[in-house]
Amino acid sequence: VQNNITSNRIFWKTHSEAHTSVFKLERSANGNQFHEIGEVPAAGFSSATRDYFIYDRQPLNGLNYYRIKMMETDGRFQHSAIVKTYNKYTAGWNLVNNHTQNTIGIYGLETGDEIILVNPSGQKLFKTFAKGRFVEIPTSGLANGIHFIRVVGNSGTSVKPVFIAD
């Protein structure tokens with residue numbers, strides 16, 4: 001992992017590949033619960049050494065644990081060893097809109113923060129309280145378009161827009 005303070009570059013090598021379809025990058029705040037945050041197509045078949053990398057442009061504030069999920073064409077997979085790095089910045093909380101999983105991940109929260117998803121008319125569509133630094137909001141069934149995430153915590157209230165699309 002190459003730590004660039006506000007982003008991390010995760011890189012790895014393969015010495016050969018057979019039936020490998022894709023490499024999925026997974027991240028965790030605690031080293032146990034991982035969430036997919038990106039993917040890189042694999043060569044599929046290769047007997048040569050290949051270099052791969054992917055950026056995490058919204059790392060968590062604090063410890064970030066990463067692993068690569070190596071997917072085979074038949075659906076089987078293997079996980080790499082876990083690596084970690086520490087990012088320190090004061091950007092508050094961040095959103096990761098995962099269209100493939102129909103979720104919005106919110107990172108950098110404090111336990112007890114209130115999280116509310118509202119539509120452009122101000123109607124509350126989802127509400128929960130953070131039990132840790134990460135909350136995942138399901139977006140399946142919501143109308144496409146701009147919505148807003150409001151976080152209310154000890155440091156005040158902040159709102160960020162999020163675009164929801166199928």
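Atoms considered below: every heavy atom in the structure, side chains included; atoms not considered: hydrogens, waters and symmetry mates.
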Find the distance between CG (L125) and CG (L117) and round it off to the nearest 0.5 Å. 5.0 Å
Do N8 and T85 have side-chain N/O donor and acceptor atoms under 3.5 Å apart? no
Keeping the roles fixed (side chain from N94, backbone from G108), state whether a donor-acceptor pair exists under 3.5 Å. no
Assess whether side-chain contact (heavy atoms from CB on, under 4.5 Å) is satisfied between I149 and W93, documenting all intermediate values. CA-CA 11 Å; I149 301 285; W93 55 276; 3.8 Å; yes
Over 12 foreign heavy atoms within 6.0 Å of CD, Q33: no
Backbone N or O of M71 within a donor-acceptor pair of the S21 side chain at under 3.5 Å? yes
ILVMFWY cluster, F148 and L95 together (side-chain gap under 4.5 Å): no
Taking a hydrophobic cluster as the set of Ile, Leu, Val, Met, Phe, Trp and Tyr residues connected by side-chain heavy atoms closer than 4.5 Å, whether directly or through intermediates, do Y55 and Y65 fall within one such cluster? no
Tell me whether the centres of the aromatic rings in F34 and H79 are closer together than 6.0 Å. no
Are I116 and V135 connected in the hydrophobic side-chain network, where two residues link if heavy atoms are under 4.5 Å apart? no
Neighbour count above 12 (heavy atom, 6.0 Å) for F77 CZ: no
Checking side-chain contact (heavy atoms from CB on, under 4.5 Å) for the pair N64/N3: CA distance, chi angles, key distance, verdict? CA-CA 10 Å; N64 287 269; N3 183 323; over 6 Å; no
Do I104 and I164 come within less than 4.5 Å of each other through their side chains, counting heavy atoms only? yes
Roughly how far, to the nearest 0.5 Å, is the CD atom of E36 from the NZ atom of K24? 4.5 Å
Euclidean distance, I115 CD1 relative to I106 CD1, rounded to 0.5 Å: 5.5 Å
I need the Q78 CD to M70 CE distance, nearest 0.5 Å. 5.0 Å
Can you give me every donor-acceptor pair (side chain of residues 139-146, partner residue at least two apart or in another chain, under 3.5 Å) with its distance?
from	atom 1	to	atom 2	distance (Å)
T139	OG1	N102	O	3.0
N144	OD1	D166	N	3.2

If I compare all heavy atoms of A43 with all of S46, which pair ends up nearest, and what's the gap? CB-CB, 4.2 Å
Distance-minimising heavy-atom pair for A42 and F23: CB-CE1, 3.5 Å
Identify the two heavy atoms, one from A29 and one from L60, that lie closest to each other, and give their separation to 0.1 Å. CB-CD1, 3.4 Å
Counting C-beta onward and ignoring hydrogens, is there a side-chain heavy-atom pair between R133 and E110 closer than 4.5 Å? yes
Compare every heavy atom of E72 with every heavy atom of A18, then report the nearest pair and how far apart it is. O-OE1, 3.1 Å
As an exercise, state the distance from CZ of F134 to CG of N30, rounded to the nearest 0.5 Å. 10.5 Å
Search all heavy atoms of S47 against all heavy atoms of S16 and return the closest pair with its distance. CA-CB, 4.2 Å
Mind checking the CD1-CG spacing from I137 to N98? Nearest 0.5 Å is all I need. 13.0 Å
With heavy-atom distances below 4.5 Å as the criterion, would you say the side chains of W12 and V40 are in contact? yes
Would you say V118 ends up clustered with V152 if hydrophobic residues are merged whenever their side chains have heavy atoms under 4.5 Å apart, either directly or through other cluster members? no
Full working for side-chain contact (heavy atoms from CB on, under 4.5 Å) between Q2 and F53: CA-CA 10 Å; Q2 180 183 11; F53 70 92; over 6 Å; no
Taking all non-hydrogen atoms of both residues, which atom of E17 and which atom of T14 are closest, and how far apart? OE2-OG1, 2.9 Å
Kindly work out whether a path of hydrophobic side-chain contacts (I/L/V/M/F/W/Y, heavy atoms less than 4.5 Å apart) joins F11 to Y86. no
Is R27 close enough and on-axis enough to Y107, meaning under 6.0 Å and within 45°, for cation-pi? yes
T157 and R150: CA distance, side-chain angles, deciding distance, side-chain contact (heavy atoms from CB on, under 4.5 Å) verdict: CA-CA 7 Å; T157 301; R150 181 170 60 225; 3.7 Å; yes
